[in-house]
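To start, the structure under review is shown below, and the notes come after it.
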Number of protein chains: 2
Amino acid sequence: MTDPQARFEELTNRLRECHYRMTPQRVALLRLLASSEGHPSAAQLYDRLRALFPTTSLATVYKTLSLLVEMGEVLELGFSDDDRRYDGNKPYPHPHLICIRCRKIVDAEAGVTQSLAQEMAQASGFQVVGHRLDFYGLCPDCQGAEYEIP
Amino acid sequence: MTDPQARFEELTNRLRECHYRMTPQRVALLRLLASSEGHPSAAQLYDRLRALFPTTSLATVYKTLSLLVEMGEVLELGFSDDDRRYDGNKPYPHPHLICIRCRKIVDAEAGVTQSLAQEMAQASGFQVVGHRLDFYGLCPDCQGAEYEIP
DNA sequence: GTGCTTGCAAACAGTTTGCAGATAG
DNA sequence: CTATCTGCAAACTGTTTGCAAGCAC
């Protein structure tokens with residue numbers, strides 16, 4: 001992961017460049033996004049935000065998140081079960097390993113996908129602009145336990 | 001794609017094996033799933049179903065679909081924007097090419113992913129049981145038109 | 001006959017929206 | 001000072017659930 005402070009400043013600058021206003025709520029959310037290790041949901045961000053900064057609403061979190069997603073500074077990961085997670089550190093497509101038991105999401109290393117995308121594009125005639133690669137399974141911590149989706 | 005008739009019988013047999021009842025609504029849905037070229041949504045299936053078979057409810061469509069998904073006979077593809085599509089022909093993970101303009105979804109050919117999954121598993125300690133690989137872009141038909149998400 | 005299945009409508013969850021008041025620039 | 005942003009609550013959308021009646025077996 002990049003340095004949280006550096007990433008925070010990067011995000012701040014990007015917003016300023018686009019002439020968006022820096023409200024305290026936004027500053028707090030940017031700081032959170034820049035320092036979030038995992039892939040938090042909107043509700044999780046909201047909860048953490050209220051701890052530091054009590055007068056914030058969930059609507060504002062959503063509004064700011066969709067702003068950042070649209071700007072390409074946050075990656076949104078939607079799942080089948082109404083679960084959306086956000087990644088403010090690596091806003092470009094990259095593969096994930098997702099634990100089907102504890103819902104942990106970790107980044108995986110793989111540079112293969114770029115060339116794969118190119119290959120796909122040629123074979124299909126699509127002009128590929130993005131991709132998504134997720135692996136589902138049991139993380140090391142959950143392999144001992146009985147298999148059961150919580 | 002497999003022969004629709006053959007796939008229909010396969011689905012029917014699988015349900016019977018598990019001692020599920022064959023109602024006319026289910027037969028109609030199975031027939032649709034077996035012959036659907038694209039990756040229809042629940043609502044699309046419901047609409048087509050009513051055309052052939054007027055007394056069907058959306059709830060029944062959902063109930064039967066989740067049954068089939070759980071049995072591993074239908075693949076569910078969830079997207080960020082509350083869009084879920086179903087594939088009754090190839091219920092195992094396989095890559096897709098998704099047009100961001102017209103929402104068309106086509107299957108892509110790639111056997112690479114199995115070995116990639118294995119590689120990921122080794123590197124991360126995850127026990128990988130499934131995956132999802134999607135490429136986003138403009139399909140050949142939509143490349144001429146101005147880029148605009150409808 | 002038994003109990004799985006259906007269809008309806010109401011419930012549900014996460015997200016989005018409209019609007020009046022607050023505030024960054 | 002002005003336009004953007006916030007916070008609230010209501011609206012919305014797709015999906016799920018509870019239940020009485022219906023029907024497959």
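Just so we're on the same page: letters track the sequence lines, and every chain starts at 1.
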Could you walk me through whether A/R101 and A/D141 pass the salt bridge (Lys or Arg N to Asp or Glu O under 4.0 Å) check? CA-CA 10 Å; A/R101 191 161 175 282; A/D141 295 343; over 6 Å; no
Quick one: list whatever passes side-chain contact (heavy atoms from CB on, under 4.5 Å) with B/T12, sequence neighbours left out. B/F8, B/R16, B/M22, B/L30
Using a strict heavy-atom distance below 4.0 Å, which residues from residues 78-86 of chain B are in contact with DNA chain C? none
May I ask you to verify if any side-chain N or O of A/S57 is less than 4.0 angstrom from the OP1 or OP2 atom of D/dC8? no
Figure out the NE2/P separation between A/H19 and D/dC5, and round it to whole Å. 12 Å
Show me the side-chain donor-acceptor pairs of residues 120-131 of chain B shorter than 3.5 Å, one per line, residues at least two apart or across chains.
from	atom 1	to	atom 2	distance (Å)
B/S124	OG	B/M120	O	2.8
B/S124	OG	B/F126	N	3.1

Close N/O contacts between protein and nucleotides 18-22 of chain C (under 3.5 Å):
from	atom 1	to	atom 2	distance (Å)
C/dG18	O6	A/K63	NZ	3.4

Between C1' of C/dT6 and OH of B/Y46, the distance in whole Å: 12 Å
Under the ring pair (Phe, Tyr, Trp, His ring centres under 6.0 Å) definition, can you give me all pairs with a residue in residues 30-52 of chain B, not counting sequence neighbours? B/H39-B/H96
Who are the side-chain contact (heavy atoms from CB on, under 4.5 Å) partners of B/D83, not counting sequence neighbours? B/F79, B/D81, B/R85, B/R103
Check salt bridge (charged side-chain N to carboxylate O under 4.0 Å, His left out) between B/K63 and all other residues, then give those that pass, not counting sequence neighbours. none
Looking across every strand, which nucleic acid part, if any, lies under 4.0 Å from A/T56 by heavy atom: base, sugar-phosphate, or nothing? sugar-phosphate
I want to check one thing: is the phosphate of C/dG7, taken as OP1 and OP2, less than 4.0 Å away from some side-chain N or O of B/Q25? yes
What residues join A/F53 in its hydrophobic cluster, counting side-chain heavy atom gaps under 4.5 Å, either direct or through other members? A/L52
Just wondering, are more than 12 heavy atoms of other shown residues or ligands nearer than 6.0 Å to CD in A/Q118? no
Taking atom P of D/dT16 as reference, at what distance in whole Å does atom CD of B/E70 sit? 11 Å
Pairs in or reaching into residues 118-138 of chain B: which pass salt bridge (Lys or Arg N to Asp or Glu O under 4.0 Å), with residues at least two apart or in two chains? B/R132-B/D134
Protein-nucleotides 22-25 of chain D N/O pairs closer than 3.5 Å?
from	atom 1	to	atom 2	distance (Å)
D/dA24	N3	B/R21	NH1	3.3
D/dC25	OP1	B/M22	N	3.0

Between A/L67 and B/A43, whichever has its closest DNA chain D nucleotide further toward 5' is A/L67
Applying side-chain contact (heavy atoms from CB on, under 4.5 Å), can you list everything that pairs with B/R7, at least two apart in sequence or on another chain? B/T2, B/E10, B/L11, B/A34, B/E73, B/N89, B/P91
Of all the nucleotides listed (C/dT5, D/dG7, C/dC8), which has the minimum atom distance to the side chain of B/R26? C/dT5
From CG of A/L58 across to C1' of C/dG14 the rounded distance in Å is 9 Å
What's the CG-P distance between A/L65 and D/dC5, to the nearest Å? 15 Å
Can you sort out the partners of B/R48 under side-chain contact (heavy atoms from CB on, under 4.5 Å), two or more places apart, ordered by chain and number? B/L32, B/S36, B/P40, B/Q44
Starting from P on D/dT4, measure out to CG on A/L15 and report it in whole angstrom. 15 Å
